[in-house]
Amino acid sequence: MQQADIGVYGLGTMGSALALNLAEQGFHVAVTNREVDWIAPFVTEAGPLAANLAPYETLKAFVAGLAVPRVILFMIPAGAPVDMMIKAVRPLLEQGDMIIDGGNANFNDTRRRSADLDAAGFEFIGMGVSGGEDGARHGPSMMVGSSETAWARLRPMAQAIAAKFGSDPCVARVGPDGAGHFVKTVHNGIEYADMQMISEVYGLLRDGANWDAARIGRLFGGWNNGPLASFLIEASADVLNAVDALTGTPLVDLIVDAAGQKGTGRWTVIEALKLGQSASAIEAAVGARAWSSVRDVRADAAGILTGPPADLAPDTQQMEQALLAGRILGHAQGFDVLRAASQEYGWSLDLGRIAEIWRAGCIIRSSLLDDLAAALKGAQPQDQMILSPAIAALLNANVPGLRRVVGAAVQAGLPVPALSASLAWYDSIRQARGTANLIQGQRDYFGEHGFARLDKPGKFHGDFS
Ligand code: 6PG
């Protein structure tokens, strides 16, 4: 077989799927894996696509099988394994060769690796890949952080394997070094908020109105044909409709109510705070996952701490509106984090293009993203998405539903942390005169921090004696 166009290192779920996707698009793909016994079964299962795959059992042979300048895609767990593999492969590479990290890396690591490899004459690409196994196999959304030259080399392959929205490939170089992984991290933060809000509405129907899983699944399935149309609503409906083969009960009723997390949601919140931003809906979602995992505390508290009867009359139209409004606000917070990072790191992120490449392939793909892309396209960096005419109109039409749903949930003692956080942000941001004047007075009172006045310029102190 001819020298390979690209080498994929790591044949886990995502690596295998991307290698097959590349092979299907006609690229010659060298493959290898740390556990060498995974390689042969992978090639056997590839069927006719095996003709485009070149399996290797050692790193040295794998690198030697690549056309020069080489392109190597690492699909391995984020963190230390990436540093280890870079160290292992570096002596085998020549100047101009390219390493791509397609994992969910922390963008700070990507910036460090990028600077290090750049200085040594290699190209390093930090590439966020979204869409799970199916996306990776048949078309993911990809967020690339790299130099322009590295992108020019990767682009034909990336565009060929990417999801398409119409004919537009859902991949872009969003900026240099860590920009791609940063954008992917925020994508995941938005994903956390969206998943949490959907789960909150599920909880209202289950605990406040006694709906069974299948009934909620049918409702969500219906919503997927309206303004909430999205992969996550569809996935939620499918999960709710699934029946356990062993017991005949809805599968969701058998799943332990403790959510895992690998870190990207938390990183979004950490980076947002470092940038002086608040992504409160995303933080609420990360926090809710943390609370979900203290099951023993919740079990104790359920018997000790009291609340009102969990009883509400569900208005499903309001709930649909609440989810749409919450979704817009969660996305808006994510885009605000991106805007702040773009300024801080000098990335010149094109928020409109980012929304466009999230319209297909990725986990948060939704019909809303098409509206957001249109609103963000051509907007000035300082423009607030929620103030663009189309998005403001959507909010004005749907926030009343959000407000009623959050109000009813509070009255019934049912938790809606992400929905209520998004509403609190909405109400804060539309308050022309807020209440921080009192905070400034308090700060001056106990710390002589000083304050600005509305009626004259300068810095002042109060006489609080
Ligand atoms: C995607 C997903 C994917 C994965 C994340 C989230 O965009 O394809 O976000 O990257 O699901 O790792 O994982 P956690 O929920 O475990 O943090």
Side-chain angles (χ1 to χ4, degrees), residues 10 12-18 21 73-79 81-82 100-107 109-110 126-145 158 161-163 165 170-172 174 178 180-199 230-236 238-239 255-272 279 281-293 327 330-331 334 337-338 354-366 369 418:
T13 311
M14 294 295 282
S16 308
L18 279 177
N21 188 348
L73 170 60
F74 283 140
M75 293 304 297
I76 57 180
V82 177
I100 307 165
D101 175 9
N104 274 333
N106 185 309
F107 92 107
D109 289 337
T110 305
M127 182 170 79
V129 180
S130 180
E133 181 180 9
D134 197 56
R137 176 67 185 85
H138 301 291
S141 166
M142 289 170 287
M143 296 136 252
V144 173
I161 64 167
F165 183 84
C170 290
V171 58
V174 295
H181 278 142
F182 191 92
V183 172
K184 175 59 171 48
T185 297
V186 173
H187 164 284
N188 282 23
I190 295 171
E191 170 186 306
Y192 272 50
D194 220 57
M195 291 167 75
Q196 173 64 24
M197 292 186 211
I198 296 170
S199 302
S230 55
F231 172 74
L232 282 171
I233 285 285
E234 185 188 345
S236 306
D238 288 349
V239 171
I255 300 179
V256 173
D257 56 333
Q261 50 179 319
K262 292 198 214 75
T264 43
R266 188 164 48 223
W267 294 343
T268 307
V269 178
I270 291 170
E271 296 304 331
I282 299 172
E283 198 282 331
V286 175
R289 288 202 193 188
W291 300 329
S292 80
S293 57
R327 172 174 283 175
H331 281 62
V337 176
L338 291 178
I354 291 169
E356 281 178 351
I357 64 168
W358 286 349
R359 290 178 300 182
C362 68
I363 300 294
I364 62 169
R365 62 187 184 265
S366 68
L369 267 163

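Just so you know, ligand 1 is whichever comes first in the structure, and atom 1 is the first atom listed for that ligand.
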* Structure fact -> min-distance protein heavy atom vs atom 5 (C) of ligand 1 -> Asn188 ND2, 3.5 Å
* For Asn104 and ligand 1, does the shortest N/O to N/O distance drop below 3.5 Å? -> yes
* Asked: Of the non-hydrogen atoms in Tyr192 and Ala285, which two are nearest, and what is the gap between them?
  -> O-CB, 3.4 Å
* To do: Check the pair Arg327 / Ser366 against side chain to side chain contact (heavy atoms under 4.5 Å, CB included), numbers first and verdict last.
  => CA-CA 10 Å; Arg327 172 174 283 175; Ser366 68; 3.9 Å; yes
* Structure fact -> Closest to atom 13 (O) of ligand 1 by heavy-atom distance, out of Glu133, Lys262, His187, is Lys262
* Nearest-contact summary for atom 9 (O) of ligand 1 - protein heavy atom, Å -> Glu191 OE1, 2.6 Å
* Structure fact -> Rounded to the nearest 0.5 Å, the CZ atom of Arg289 sits from the CD atom of Gln196 at a distance of 8.0 Å
* Ignoring angles and geometry beyond distance, decide whether Gly131 reaches within less than 3.5 Å of ligand 1 through its nitrogen or oxygen atoms. => yes
* **Beyond-backbone contact of Met143 with Ser130, side-chain heavy atoms, under 4.5 angstrom** => yes
* Could you walk me through whether Lys262 and Thr264 pass side chain to side chain contact (heavy atoms under 4.5 Å, CB included), step by step? => CA-CA 6 Å; Lys262 292 198 214 75; Thr264 43; 5.7 Å; no
* Asked: Quick one: nearest non-hydrogen protein atom to atom 17 (O) of ligand 1, plus distance?
  -> Tyr192 OH, 2.5 Å
* Structure fact -> Of Met143, Met195, Lys184, the one whose closest heavy atom lies nearest atom 10 (O) of ligand 1 is Lys184
* To do: Go through the steps for Thr185 and Glu271 under the test side chain to side chain contact (heavy atoms under 4.5 Å, CB included), then give the verdict.
  => CA-CA 10 Å; Thr185 297; Glu271 296 304 331; 5.8 Å; no
* Identify the heavy atoms of Cys170 and Ile357 that sit nearest to each other, and give their distance. => CB-O, 3.4 Å
* Please indicate whether any nitrogen or oxygen in Gly132 is less than 3.5 Å from any nitrogen or oxygen in ligand 1. => yes
* If you measure from each non-hydrogen atom of Met14 to ligand 1, which part falls under 4.0 Å: side chain, backbone, both or neither? -> neither
